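Only one structure is covered here, and it is reproduced in the block below.
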Amino acid sequence: DAKTTQPNSMESNEEEPVHLPCNHSTISGTDYIHWYRQLPSQGPEYVIHGLTSNVNNRMASLAIAEDRKSSTLILHRATLRDAAVYYCIRDSNYQLIWGAGTKLIIKP
Amino acid sequence: GAVVSQHPSWVICKSGTSVKIECRSLDFQATTMFWYRQFPKQSLMLMATSNEGSKATYEQGVEKDKFLINHASLTLSTLTVTSAHPEDSSFYICSAKGRAYGYTFGSGTRLTVV
């Protein structure tokens, strides 16, 4: 079963780090892991992606477990603008397997 | 960065009419385009995948005669919802993939069939 599972929602305080988990226990060796986020009535926006090594960019960091069966999206200092639904996606040769998304709530 | 323009952003149509949604890659050539629909509080659901110049591949349960997809050029794909009914009301999103890595999504089209 090629599922990608995420918690339904998470809350965080503004200006604190946020760790969003994702399980992809049946991932194969060549599958990339993507994270996108979506605001209401908008298309998904790219956040980060990776294969095996941890990745950093100006938006976030992606920590990938050594066995690749899970990953964590890290927002180092959440702002109110980071409130969105975050999707973890497994890319299996252009077949995208979407998680149900985690709604991130940021408390001021 | 890569930009995908999707139009219209919202449309209201009468039951039985057809609606066309356009998806354009503005600054890159999209070898593959994807069409999704999304119901409230749910994840995106892939409807079909299209490669430029060839017929679209539809996901199981998606009627190809109802949801017509044309990908005639490397920068344009269209989705036509034919004989729309209220149950077709949804949020439709396109995504484009170029030769470089990554998927770029359009801003979505809210279709309401009355």
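Predicted, not measured: the structure shown is a model, and the values here were computed from it. Note: hydrogens, waters and symmetry copies are ignored here, and every other heavy atom, side chains too, is used.
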### Query
Where does A/I89 contact chain B at under 4.5 Å (heavy atoms): side chain, backbone, both or neither?
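Neither; nothing under 4.5 Å.
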
### Task
Using non-hydrogen atoms and a 4.5 Å limit, figure out which bit of A/E45 sits close to chain B: side chain, backbone, both or neither.
neither

In the single-linkage hydrophobic clustering (I, L, V, M, F, W, Y; side-chain heavy atoms under 4.5 Å), do [X] and [Y] co-cluster?
{"X": "B/F91", "Y": "B/F67", "answer": "no"}
{"X": "B/M47", "Y": "B/V113", "answer": "yes"}
{"X": "A/M59", "Y": "A/L62", "answer": "yes"}
{"X": "B/M45", "Y": "B/V62", "answer": "no"}
{"X": "A/L20", "Y": "A/L80", "answer": "yes"}

#### Entry: Side-chain (A/Y36) to main-chain (B/Y103) donor-acceptor, under 3.5 angstrom
yes

### Message
Under a 3.5 Å distance rule, please check whether B/S43 uses its side chain to pair with a backbone N or O of A/G99 as donor and acceptor.
### Response
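Yes, the answer is positive, given that a donor and an acceptor are paired below the 3.5 Å cut-off.
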
### Query
At their closest point, which heavy atom of A/Y94 faces which heavy atom of B/K97, and how far apart are they?
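In terms of heavy atoms, the two residues are closest at CE2-CE, 3.2 Å.
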
### Residue part contacting chain A, namely of B/I93, when any heavy atom lies under 4.5 Å
side chain

Would the number of heavy atoms belonging to other residues, nucleotides or ligands and lying under 6.0 Å from [atom1] of [X] be above 12?
{"X": "A/K103", "atom1": "NZ", "answer": "no"}
{"X": "A/D67", "atom1": "CG", "answer": "yes"}
{"X": "A/E14", "atom1": "CD", "answer": "yes"}
{"X": "A/K107", "atom1": "NZ", "answer": "yes"}

Which of [range] have a heavy atom under 4.5 Å from any heavy atom of chain A?
{"range": "residues 79-88 of chain B", "answer": "none"}
{"range": "residues 32-41 of chain B", "answer": "B/F34, B/Y36, B/Q38"}
{"range": "residues 3-24 of chain B", "answer": "none"}

### Task
Identify which of A/G101, A/A100, A/P44 forms the greatest number of heavy-atom pairs closer than 4.5 Å to chain B.
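Winner by heavy-atom pair count: A/P44.
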
### Query
So, do A/Q38 and B/L44 sit near enough that their side-chain heavy atoms are less than 4.5 Å apart?
yes

## Note on the structure
Counting heavy-atom pairs under 4.5 Å with chain A, the top scorer among B/S95, B/G108, B/S107, B/G106 is B/S107

#### Entry: Where at least one partner belongs to residues 11-31 of chain A, residue pairs that pass ring-ring contact (aromatic ring centres under 6.0 Å, His included), sequence neighbours excluded
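For residues 11-31 of chain A: none.
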
